[in-house]
Asker: 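Please find one structure pasted underneath; my questions will follow.
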There are 2 protein chains.
Amino acid sequence: MSSPKKYITVDAVVFGYEEGNLSLLLVKRGIEPFKGRWALPGGFVNDNESLENAVERELNEEAGITLKYLEQLYTFGEPSRDPRGRVISVAYLGLVRPDAFELSASTDVIEADWFNINDLPKLAFDHKSIIDKALERLRAKITYQPIGFELLNTTFSFSELERLYSSLLGRPIDRRNFRKKIMSFGLLTQLSEKRKEGPGRPASLFQFDEDRYKTYLEKGLYFEL
Amino acid sequence: MSSPKKYITVDAVVFGYEEGNLSLLLVKRGIEPFKGRWALPGGFVNDNESLENAVERELNEEAGITLKYLEQLYTFGEPSRDPRGRVISVAYLGLVRPDAFELSASTDVIEADWFNINDLPKLAFDHKSIIDKALERLRAKITYQPIGFELLNTTFSFSELERLYSSLLGRPIDRRNFRKKIMSFGLLTQLSEKRKEGPGRPASLFQFDEDRYKTYLEKGLYFEL
DNA sequence: TCAAAAGTGTTGGAGTTACACCCATGA
DNA sequence: TCATGGGTGTAACTCCAACACTTTTGA
């Protein structure tokens, strides 16, 4: 029987969205292995912290960021995925609003930055496949849970929401039908303010009603597309 | 900084279905902690095996069973979930056909048996919450992926399929509509044999067409309810 | 007054639901 | 011939997809 203890890490796939682009948080490694290579933020789990706490701590240490949305994604445990030995990584999926985009690197990390999801650098370990899994989950999930709102600021215009969905799903969305559908859930509050920037008619601003969402959840909500 | 190595185990939530009842595979522990208590089959991961291999090995050792369907469920890592110290468990969800129901216990296990899902004994560790998570996943998943077939024998009658769905979803199903829906996927082959046991008109037998399903998957299938 | 983006309804068709009677078999 | 479970069709309705013009603003 082999030694039962193994290294265990957490890694975070954190998505942000700004100006029509989905972006991903990466850190440049300051230590071996893969020193100087870009990688997902993450690291070893301490003895007395939960996995989720570990992710939150690492995100704070390595990128100076705190997330509102974080869920467990998948656990990667192939024996050869890490040159240091047997390392099992529990991956998390996180979403961050544009107003929390400022980063500050430290702890084993040279820098932290946002990358366009279609233009990623070469990555350390098996992090590319972790990201692929996260993208798949994100795309599936926005069609049946209102997590898209976690990628926008607390107030947003309808066309911002529409562009987000359209770019995430990779297909055009009918403005009128989309609006009808989203409105039918009754989870948006229309504010009296309007956004006036750039050309064109100013857009009304909306806000997602989390309290009402939680109430619905208890009776089972069917959010679809 | 605390010691980075931890214990890592795999646990399997294996469901079976027979005569209208969903059942769950449990093993009675032969060693401490929780000696004599029922628990999910599982155990420590060896150095050179993948997580999935570890589950398969443990299921074979502890219950003498091999599964056709196995997927990763969730990773449980609360610091206090195991009295032996910090133990992180990667849980898997498995399905087994009635024709592979015979069990044979060994290795650290006193016996292995099937339990009705509504009549479970007191369980070791946090295994109850692992089971709850698995049930939730199973119920959600049968509505959009044809995994229900993994719980039936390779040939089955339509009413068996219908009873399975109805009991898993906990609500009655309209026989005619259900048949129309399932048939519209074109994934069932009707056999010429009929099942003649018990009273009533004999039922035609069907078979799930896995090849055709795989073909569909590549173009994106929308199996819904 | 032009350009740019926001906002708004209707209609046809597809898909879902609701619903009840006849069929084949063994006792 | 009766009891048991298997098998089938239609009509109303709901939901979804397709589609184009008007409004508001700044330049």
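Just the heavy atoms: all of them, side chains too, but no hydrogens, waters or symmetry mates, feed the values below. The chains referred to below are lettered A, B, ... by the order of the sequence lines, with proteins before strands, and numbering in each begins at 1.
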Asker: Rounding to a whole Å, what distance do you find between A/Glu197:CD and D/dA27:C1'?
Answerer: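 Distance, rounded to whole Å: 17 Å.
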Asker: Check whether any side-chain N or O of B/Lys180 sits under 4.0 Å from OP1 or OP2 of C/dT16, and answer yes or no.
Answerer: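 So the side-chain polar atoms of B/Lys180 never come under 4.0 Å of the phosphate oxygens OP1 or OP2 of C/dT16.
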Asker: Among the nucleotides C/dG7, C/dT17, C/dG9, which one has an atom lying closest to any side-chain atom of A/Ser204?
Answerer: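 The nucleotide sitting nearest to the side chain is C/dG7.
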Asker: Suppose the criterion is ring-ring contact (aromatic ring centres under 6.0 Å, His included): which pairs have a residue in residues 187-209 of chain B, not counting sequence neighbours?
Answerer: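 As it turns out, the ring-ring contact (aromatic ring centres under 6.0 Å, His included) pairs with a partner in residues 187-209 of chain B, which skip direct neighbours, are B/Phe149-B/Phe208, B/Phe158-B/Phe206, B/Phe208-B/Tyr213.
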Asker: Look at A/Ser159 and C/dA6 and indicate whether a side-chain polar atom (N or O) is within less than 4.0 Å of OP1 or OP2.
Answerer: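 Indeed, a polar side-chain atom of A/Ser159 lies that close.
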Asker: Whole-Å distance between C/dA18 P and B/Phe178 CZ?
Answerer: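 Distance, rounded to whole Å: 16 Å.
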Asker: Please state how far atom CG in A/Leu205 lies from atom C1' in C/dA6, giving the value in whole angstrom units.
Answerer: 12 Å
Asker: Could you tell me the separation between the OG atom of B/Ser50 and the CD atom of B/Glu56, rounded to the nearest 0.5 Å?
Answerer: 7.0 Å
Asker: Are the side chain of A/Asn116 and the backbone N or O of A/Asn21 linked by a donor-acceptor pair below 3.5 Å?
Answerer: no
Asker: Base of D/dA20, side chain of A/Arg176 - is there a donor-acceptor contact under 3.5 Å?
Answerer: yes
Asker: Tell me the interatomic distance from B/Asp174, atom CG, to D/dG7, atom P, rounded to whole angstroms.
Answerer: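 Whole-Å distance recorded here is 15 Å.
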Asker: Do the side-chain N or O atoms of A/Lys181 get closer than 4.0 angstrom to the phosphate oxygens (OP1, OP2) of D/dC16?
Answerer: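 Checking D/dC16 against A/Lys181, a side-chain N or O does come within under 4.0 Å of OP1 or OP2.
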Asker: Starting at the 5' end of DNA chain D, which residue's closest nucleotide do you reach first, B/Asn177 or A/Lys196?
Answerer: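 The answer here is B/Asn177.
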Asker: D/dT25 P sits how many Å from A/Lys194 NZ, rounded?
Answerer: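 Rounded to whole Å, this separation is 8 Å.
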Asker: Any chance the side chains of A/Gln190 and A/Ser204 put a donor and an acceptor closer than 3.5 Å?
Answerer: yes
Asker: Report the distance from atom CZ of B/Phe158 to atom C1' of D/dG7, rounded to the nearest whole Å.
Answerer: 11 Å
Asker: Taking CZ from A/Arg195 and C1' from C/dA4, how many angstroms apart are they, rounded to a whole number?
Answerer: 17 Å
Asker: Please name the residue in the list A/Glu61, A/Glu58, A/Glu62 that meets the side chain to side chain contact (heavy atoms under 4.5 Å, CB included) test with A/Val109.
Answerer: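 Output: one option passes, namely A/Glu62.
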Asker: Report all interatomic pairs (protein N or O, nucleotide N or O of nucleotides 21-23 of chain D) with separations under 3.5 Å.
Answerer:
| from | atom 1 | to | atom 2 | distance (Å) |
| --- | --- | --- | --- | --- |
| D/dT23 | O2 | A/Arg201 | NH1 | 3.1 |

Asker: Quick one: A/Glu162 CD to C/dT8 P, roughly how many Å, whole number?
Answerer: 13 Å
Asker: If you apply the rule ring pair (Phe, Tyr, Trp, His ring centres under 6.0 Å), what do you find for B/Phe15 with B/Tyr17, and how did you get there?
Answerer: CA-CA 7 Å; B/Phe15 292 112; B/Tyr17 175 80; over 10 Å; no
Asker: Between A/Ser89 and A/Asp11, is the side chain to side chain donor-acceptor pair (under 3.5 Å) condition met? List the steps.
Answerer: CA-CA 7 Å; A/Ser89 170; A/Asp11 286 303; 2.7 Å; yes
Asker: When you match B/Pro199 and A/Phe206 each to their closest nucleotide on DNA chain C, which lands nearer the 5' end?
Answerer: A/Phe206
Asker: Measure from the side-chain heavy atoms of B/Arg179 and tell me the nearest of D/dG7, C/dA18, C/dA5.
Answerer: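 Nearest nucleotide to the side chain: D/dG7.
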